[in-house]
Amino acid sequence: MKRKNIAVVYIVLVILILVLIAMNVGIGTVNISPGEIWEILRGTAGNTTNASIVMSVRFPRALSALILGGALALSGYCMQTFFHNPIAGPFMLGISSGSKLTVALFLVFFAGGASGSFFFMILAAFAGALASMGFVLGVSVKVRRMSILLICGVMIGYICSAITDLVVTFADDSNIVNLRNWSLGSLSGLGWDDVAAMSVIVITCAVLVFLLSKPMTAYAMGENYARSMGVNVRRFQVELILLASFLAAVVTAFAGPISFVGIAVPHLVKNALKTTRPAIMIPASFLGGGVFVLLCDLLARRMFAPTELSISTVTAVFGAPVVIYMLVKRATSRE
């Protein structure tokens with residue numbers, strides 16, 4: 001029965017991804033039918049304007065939402081495994097805000113707003129993520145309570161966001177492409193070059209995370225148990241936190257900070273699968289993150305069209321109630 005349930009969840013996630021990609025590509029200021037989308041993908045469409053809209057704007061944006069959403073959910077799952085706590089995540093711990101600050105500084109002072117400096121932009125985001133994570137880990141050595149870590153992470157997030165807002169406010173907007181929208185979280189303006197760059201990095205990191213599924217299973221039983229099973233706990237922890245930080249950094253580099261996905265999605269996927277096995281949770285979390293961000297991006301574009309909301313606003317609307325439920329559930333279960 002459990003295997004059947006897992007198979008059903010995976011099938012539903014894949015179907016949702018395909019449906020949401022079609023909706024993201026077809027729905028907009030100009031609505032394009034599924035039949036015409038298929039013709040465009042085959043290269044037999046007669047309407048060159050619609051073909052340009054699909055292939056140059058909507059399709060790469062939809063793929064970006066899928067890839068970055070999966071990366072963010074996977075990053076959150078890694079952090080939850082590391083801290084043994086389902087409330088840990090790149091946004092709540094200030095990791096996304098640290099990346100946001102360093103990328104903003106790079107774009108303003110070094111790249112002149114150029115969005116094509118993929119390598120250096122991702123390195124800047126990774127440096128910010130590691131700096132924020134280093135602070136959180138330093139606090140975790142002194143304080144074991146997760147509530148204190150979350151408060152410290154939120155404070156780091158506020159500080160980094162405040163500095164970023166100052167940078168964005170005084171930047172020369174004529175040289176900074178979509179920096180203001182990016183600082184709030186946006187998939188706007190992403191093209192095929194961005195998709196290619198993020199795909200290579202995210203898929204590589206996802207494969208490496210999956211290869212850690214066995215030590216993750218042992219680590220979930222406790223550090224002493226993991227050591228007894230032959231796991232080099234210190235090396236495993238370093239690998240896990242580096243991959244989690246890099247995945248979060250890639251998302252921030254391309255789309256800015258996106259809130260609550262890393263916390264909410266792994267929790268929802270775990271409840272749907274009825275299992276905590278990393279080998280099953282890792283791919284499902286990636287697919288679930290893609291579904292979540294595809295849906296939120298569609299709503300961000302269409303709810304108040306032609307005005308586009310920041311995607312982080314929409315993810316917060318759906319993700320924050322899940323976090324509140326988790327906090328209340330944990331508090332009541334301890335009483």
Side-chain angles (χ1 to χ4, degrees), residues 2-3 5-6 9 71-95 129-130 132-154 205-248 261-286 288-289 322-323 325-335:
K2 183 176 287 188
R3 288 185 178 180
N5 178 66
I6 292 170
V9 171
L72 206 50
L74 201 52
S75 174
Y77 178 71
C78 290
M79 289 184 185
Q80 290 167 15
T81 302
F82 180 88
F83 288 106
H84 297 289
N85 195 297
I87 308 172
F91 185 81
M92 293 291 286
L93 293 176
I95 312 304
L130 280 184
S132 298
M133 179 56 74
F135 176 82
V136 172
L137 291 177
V139 173
S140 70
V141 173
K142 301 289 184 180
V143 181
R144 292 291 179 180
R145 291 176 59 188
M146 192 64 193
S147 58
I148 302 299
L149 290 180
L150 289 175
I151 292 171
C152 291
V154 171
C205 289
V207 170
L208 292 175
V209 170
F210 186 79
L211 293 176
L212 293 177
S213 57
K214 284 189 176 180
M216 275 186 185
T217 304
Y219 184 76
M221 304 295 291
E223 292 186 17
N224 291 332
Y225 178 82
R227 289 190 182 94
S228 70
M229 296 299 292
V231 177
N232 186 330
V233 173
R234 181 57 58 189
R235 187 179 71 182
F236 167 75
Q237 289 177 327
V238 170
E239 291 170 347
L240 193 62
I241 210 63
L242 284 176
L243 287 170
S245 299
F246 204 64
L247 285 166
V261 179
I263 301 177
V265 171
H267 176 73
L268 294 172
V269 169
K270 182 176 67 176
N271 283 352
L273 291 171
K274 308 297 182 186
T275 182
T276 58
R277 288 177 56 191
I280 297 173
M281 280 290 298
I282 289 169
S285 294
F286 189 92
V322 176
V323 177
Y325 169 77
M326 292 167 61
L327 290 170
V328 173
K329 184 178 179 180
R330 285 173 62 85
T332 53
S333 63
R334 291 176 179 177
E335 293 179 355

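All residue numbers in this chain count up from 1 along the given sequence. Small disclaimer: the values here were computed from a predicted structure and weren't measured.
Smallest separation of non-hydrogen atoms from Val265 and Gly288: CG1-C, 3.6 Å. When all heavy atoms of Cys205 and Leu247 are compared, the closest pair comes out as CB-CD2, 3.5 Å. Closest approach of Val269 to Ser285, counting heavy atoms only: CG1-N, 4.1 Å. A pairwise comparison of heavy atoms in His84 and Ala220 identifies CE1-CA, 4.2 Å as the closest pair. Between Gly76 and Pro266, the closest heavy-atom pair is C-CG, 4.4 Å.
A heavy-atom distance below 4.5 Å is found between the side chains of Leu212 and Leu243. Looking at heavy atoms from C-beta onward, Met79 lies in side-chain contact with Met133 at the 4.5 angstrom threshold. A heavy-atom distance below 4.5 Å is found between the side chains of Met216 and Ile282.
With hydrogens and angles ignored, the 3.5 Å screen pairs no side-chain donor or acceptor of Lys214 with any backbone N or O of Leu211. Ser75 contributes no side-chain N or O that, together with a main-chain N or O of Ala71, makes up a donor-acceptor pair within less than 3.5 Å. Between the side chain of Gln80 and the backbone N or O of His267 there is no donor-acceptor pair closer than 3.5 Å.
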Determine all donor-acceptor pairs shorter than 3.5 Å in which one atom belongs to a side chain in residues 233-242; sequence neighbours excluded.
residue: Arg234; atom: NH1; partner: Gln237; partner atom: OE1; Å: 3.2
residue: Gln237; atom: NE2; partner: Tyr219; partner atom: OH; Å: 3.0
residue: Gln237; atom: NE2; partner: Glu223; partner atom: OE2; Å: 3.2

Please tabulate, for the side chains in residues 86-95, all donor-acceptor contacts under 3.5 angstrom to protein atoms that are two or more places apart in sequence or on a different chain.
none

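In this structure, CZ on Phe246 lies 10.5 Å from CG on Leu208, to the nearest 0.5 angstrom.
Ala279 pairs by the side-chain contact (heavy atoms from CB on, under 4.5 Å) definition with Phe210, Ser213, not counting sequence neighbours. For Phe286, the side-chain contact (heavy atoms from CB on, under 4.5 Å) partners are Leu74, Val202, not counting sequence neighbours. Taking the side-chain contact (heavy atoms from CB on, under 4.5 Å) definition, one finds that Thr275 meets it with Ile6, Leu273, Arg277, Ile280, sequence neighbours left out.
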